[in-house]
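Below is one structure; the comments refer to it alone.
Just the heavy atoms: all of them, side chains too, but no hydrogens, waters or symmetry mates, feed the values below.
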Protein chains: 2
Amino acid sequence: MGGKTGAMEFPNTGDFLAGRLRDKLDRDDLEFIETLVTEERAVGTGDVLLSRGEVADTSAILISGYMFRTIESGNRRFIVGVHVPGDFVDLHAFALKRLDHNVVAAGPVTYGVAPHARLRQALEQRPRVARALWFATLLDAAIHRKWIQMLEQLDAPRRIAHIYCELHRRFELIGQVNARSLRTPFTQIDLADMCGVSAIHANRAVGKLRELGLAEIRRGDLYTSDWAALYEYAQFNPDYLYGDGPLRFDQDWL
Amino acid sequence: MGGKTGAMEFPNTGDFLAGRLRDKLDRDDLEFIETLVTEERAVGTGDVLLSRGEVADTSAILISGYMFRTIESGNRRFIVGVHVPGDFVDLHAFALKRLDHNVVAAGPVTYGVAPHARLRQALEQRPRVARALWFATLLDAAIHRKWIQMLEQLDAPRRIAHIYCELHRRFELIGQVNARSLRTPFTQIDLADMCGVSAIHANRAVGKLRELGLAEIRRGDLYTSDWAALYEYAQFNPDYLYGDGPLRFDQDWL
DNA sequence: CGCATCCTTGAGGGCCATCAAAATGCGTGG
DNA sequence: CCACGCATTTTGATGGCCCTCAAGGATGCG
């Protein structure tokens with residue numbers, strides 16, 4: 001917990017859009033957003049927040065920990081997205097009503113519960129907040145597109161590196177980076193399911209990053225002395241995360 | 001041009017959300033949506049509607065033809081999405097302000113131009129329309145997720161089959177299917193860039209679909225006598241497109 | 001009819017899948 | 001503290017999918 005952007009003041013939603021659109025919102029909007037959350041809950045590894053086809057009347061914003069978006073097919077699981085604190089993990093479920101995938105905890109998680117009734121109110125009475133919520137789902141879509149490109153372009157070691165680079169940057173945006181490490185609860189099976197390779201090959205890919213001296217990954221935790229080198233190896237360009245950079249939202253709006 | 005859902009009456013936006021949320025919108029909303037478009041334009045193969053990083057003050061809704069979302073990296077092009085008539089192709093650009101990718105015509109195209117000023121008006125005064133616009137971008141995200149899964153799970157022949165199955169279903173939703181064929185302007189290079197394989201391998205994959213008797217693909221046009229067999233081969237489940245089926249939006253809203 | 005683009009085919013090599021098996025690490029209970 | 005059970009990580013071997021390089025054939029357009 002605790003982005004630099006106001007986690008003290010806004011314990012539930014202080015990381016929401018931090019480093020992106022958050023500084024375009026005024027105090028009134030931020031307070032309104034904080035009151036979207038009526039309750040805080042905790043779950044553990046593998047617990048399902050929302051499953052495919054289910055109708056929910058609340059959405060969740062991640063406060064601490066990691067979550068996956070997964071699609072089951074046959075008896076295999078595919079991970080199509082990862083979430084970090086500040087992400088409104090199933091805002092999609094509010095506007096789509098039913099999800100095409102599952103939202104699952106990847107390790108211990110705390111999250112805030114936002115009733116859809118409150119969100120509807122935001123849509124009707126708070127166009128600025130409504131647009132911020134929309135923006136947040138579009139960020140998810142931008143990340144999806146980058147994953148598509150990553151799968152089309154990169155081999156397994158680079159895919160794994162790219163995933164960690166993305167997480168590193170996303171934590172930077174909410175003010176939670178460590179200099180030389182990135183802690184996750186991911187197993188190599190999780191990495192495999194994100195990369196579309198077998199667990200065995202994911203293991204060899206992790207081994208290659210070690211051999212190359214780029215990163216040491218142990219039990220999901222990544223250690224490196226040179227993030228820039230890892231960025232370059234993974235061909236990681238963080239623009240698509242819409243933080244500072246050429247794509248940053250810098251207009252007045254509404 | 002001409003979905004069954006009112007292309008006569010709404011020549012610019014008659015296919016928008018057809019088969020999905022369109023029947024939840026009332027006549028007033030549909031008329032408002034039609035007036036979002038102030039102009040119609042035509043472009044040809046490879047023409048760029050909107051390029052990465054560019055700031056636009058209009059968005060486009062596709063009226064006829066196909067468009068790609070592409071990401072350039074090094075000197076290679078990656079296709080991360082395809083659009084068909086009725087799709088609001090760069091609605092993302094309205095809320096994100098700048099895109100992380102390009103929007104490009106794949107063959108001859110006509111599209112409607114929607115000034116952002118009108119869209120802003122919708123957001124402020126028409127919460128139902130605003131939510132429909134949001135819904136449309138979330139459909140795009142759902143398709144992105146399916147592509148991620150497709151790339152993680154399927155080999156090249158199945159990826160190509162899956163892409164055509166998706167298009168077939170999307171045309172069905174707007175009432176524009178032929179029984180035994182699906183016409184596209186795609187080259188095998190386009191298919192390769194969508195599937196993340198080389199053009200040479202895309203060619204062999206096309207050959208395999210022919211050998212298997214599932215589909216004949218010539219110059220982008222697909223011919224088949226058995227869509228069901230193709231669906232099964234590609235492991236295609238159309239639920240994620242949110243037409244009729246278990247995920248369909250069936251609630252009253254707002 | 002010439003040219004450009006696209007499609008097709010062959011050969012050799014690298015990335016990754018699967019099967020099989022062993023080692024490591026961690027939590028639990030003795 | 002140690003023994004045990006279990007999930008995870010690691011390693012080896014074989015084969016398939018897909019890559020690149022290379023070259024030839026088809027198609028459509030001016």
Can a side chain N or O of [X] be found less than 4.0 Å away from OP1 or OP2 on [N]?
X         : N       : answer
Ser198(B) : dC18(D) : no
Gln188(A) : dA7(D)  : no
Asn203(B) : dT8(C)  : yes
Arg219(A) : dC26(C) : yes

Check the distance between [N]'s [atom2] and [X]'s [atom1] and give it to me in whole angstrom.
X         : N       : atom1 : atom2 : result
Ile160(B) : dC17(D) : CD1   : P     : 15 Å
Arg204(A) : dC15(C) : CZ    : C1'   : 11 Å
Ile189(B) : dC6(C)  : CD1   : C1'   : 6 Å
Asp155(A) : dA17(C) : CG    : P     : 12 Å
Leu154(B) : dC16(C) : CG    : C1'   : 16 Å
Arg158(B) : dC18(D) : CZ    : C1'   : 15 Å
Glu211(A) : dT10(D) : CD    : P     : 12 Å
Leu151(A) : dC16(C) : CG    : P     : 12 Å

Original post:
Of the nucleotides dT27(D), dT9(C), dT10(D), which has the atom closest to the Ile200(B) side chain?
Top reply: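 The listed nucleotide nearest to Ile200(B)'s side chain is dT9(C).
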**OP:** From the options dC16(C), dT8(C), dT10(D), select the nucleotide whose nearest atom is closest to the side chain of Arg210(B).
**Re:**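 For Arg210(B), the side-chain atoms sit closest to dT8(C).
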Subject >> salt bridge (Lys or Arg N to Asp or Glu O under 4.0 Å) involving Arg169(A) - partner list, sequence neighbours excluded >> reply: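 Glu172(A).
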Subject >> Option from Leu241(A), Val177(A), Leu139(A) for which side-chain contact (heavy atoms from CB on, under 4.5 Å) with Arg170(A) holds >> reply: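 The single option meeting the side-chain contact (heavy atoms from CB on, under 4.5 Å) with Arg170(A) is Leu241(A).
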Original post:
At their closest point, which heavy atom of Tyr66(B) faces which heavy atom of Pro185(B), and how far apart are they?
Top reply: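 Taking Tyr66(B) first and Pro185(B) second, the nearest heavy atoms are CD1-CD, 3.3 Å.
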Subject >> Quiz item: cation-pi between Arg41(B) and Tyr111(B), 6.0 Å / 45° >> reply: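 The answer is no; the distance or angle limit is not met.
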Original post:
When you match His201(A) and Val206(B) each to their closest nucleotide on DNA chain C, which lands nearer the 5' end?
Top reply: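 Nearest nucleotide further toward 5': that of Val206(B).
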Original post:
Within the structure shown, what part of the strands sits under 4.0 Å from Gly196(A) by heavy-atom distance: base, sugar-phosphate, or nothing?
Top reply: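 The answer is sugar-phosphate, as Gly196(A) gets under 4.0 Å only of primed atoms, P, OP1 or OP2.
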Original post:
With a non-hydrogen cut-off below 4.0 angstrom, is Ala156(A) in contact with a base, only sugar-phosphate, or nothing?
Top reply: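 Sugar-phosphate contact only - Ala156(A) comes under 4.0 Å of backbone atoms but never of a base.
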**OP:** Check the surroundings of atom CD in Glu216(A): do more than 12 heavy atoms from other residues, nucleotides or ligands lie under 6.0 Å from it?
**Re:**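 Yes.
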